[in-house]
Amino acid sequence: PALVHCTAGKDRTGIVIALLLLSAGVAREDVIADYVRTSEHMEAVVERILKYPVRARGPFNTQWLLTPAEAMTEVIEAVTESSAGDPVGWLVEHGTSREALADWVERFVDPGTV
């Protein structure tokens with residue numbers, strides 16, 4: 001088990017989860033749509049961030065919380081156009097074992113839906 005999170009759930013988390021979903025065979029369009037849906041929760045994220053004094057959090061720009069489809073599209077293109085060639089290759093190239101990815105896919109994918 002693992003927990004992956006960040007303040008808004010769209011950058012580090014969004015990329016990690018997108019690559020894992022893609023490695024499990026989720027369609028690119030569905031991964032991008034899932035990323036875009038993150039914007040539905042940004043109002044609550046902004047409220048949580050603004051609870052802390054400016055000194056503690058530094059400058060804050062709400063533009064940083066946007067989740068446009070183009071952003072995830074560019075990430076996916078960068079991964080698939082890299083020397084790794086695809087999300088599985090990229091994850092392996094960056095330290096994930098093929099065995100761990102195979103285990104992830106086996107646990108994540110319902111065999112009745114493949």
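Numbers here simply count residues along the sequence, with the first being 1. Values in this document were obtained by computation on a predicted structure and should not be read as measured data. Every heavy atom of this structure was used, including side-chain atoms; hydrogens, water molecules and symmetry mates were not.
- Nearest heavy atoms, Val109 versus Ala24: CG2-O, 3.4 Å.
- Note that CG of Leu91 and CG of Leu101 are 5.5 Å apart. Values are rounded to the nearest 0.5 Å.
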Could you walk me through whether Val26 and Phe108 pass side-chain contact (heavy atoms from CB on, under 4.5 Å), step by step? CA-CA 10 Å; Val26 175; Phe108 181 74; 4.0 Å; yes
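- Inter-residue side-chain proximity for Gln63 and Leu66 is flagged as met; some heavy-atom pair is nearer than 4.5 Å.
- Here Glu77 pairs with Arg28 under the salt bridge (charged side-chain N to carboxylate O under 4.0 Å, His left out) rule; sequence neighbours left out.
- The side chain to side chain donor-acceptor pair (under 3.5 Å) check on Glu74 picks up nothing, with sequence neighbours excluded.
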Worked verdict on Val79 versus Asp86 for side-chain contact (heavy atoms from CB on, under 4.5 Å): CA-CA 6 Å; Val79 167; Asp86 64 13; over 6 Å; no
Let me have the donor-acceptor pairs involving side chains of residues 39-48, under 3.5 Å, with sequence neighbours excluded, atom names and distances please.
{"from": "Ser39", "atom 1": "OG", "to": "Val36", "atom 2": "O", "distance (Å)": "2.9"}
{"from": "Arg48", "atom 1": "NH2", "to": "Thr7", "atom 2": "O", "distance (Å)": "2.7"}

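- Applying the side chain to side chain donor-acceptor pair (under 3.5 Å) criterion to Ser83, with sequence neighbours excluded, gives Glu93.
- The shortest heavy-atom contact between Pro87 and Thr80 is CD-CG2, 4.3 Å.
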Please assess Thr96 against Trp90 for the test side-chain contact (heavy atoms from CB on, under 4.5 Å), listing each intermediate value before the final yes or no. CA-CA 9 Å; Thr96 306; Trp90 192 93; over 6 Å; no
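- Considering CD1 of Ile76 and CD of Glu81, their distance stands at 11.5 Å, rounded to 0.5 Å.
- The two residues Val92 and Ser97 come nearest to each other via the heavy atoms CG2-C, 4.4 Å.
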Quick one, Val88 with Leu19, criterion side-chain contact (heavy atoms from CB on, under 4.5 Å). Give me CA distance, side-chain angles, the key distance, then yes/no. CA-CA 8 Å; Val88 171; Leu19 294 176; over 6 Å; no
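- In terms of heavy atoms, Ala18 sits closest to Met72 at CB-SD, 3.6 Å.
- Between Ile17 atom CD1 and Ile15 atom CD1 the span is 11.5 Å, to the nearest 0.5 Å.
- Listed by chain and number, the residues in a salt bridge (charged side-chain N to carboxylate O under 4.0 Å, His left out) with Asp11 amount to none (sequence neighbours excluded).
- Remark: Arg98 pairs with no residue by the salt bridge (charged side-chain N to carboxylate O under 4.0 Å, His left out) rule, at least two apart or across chains.
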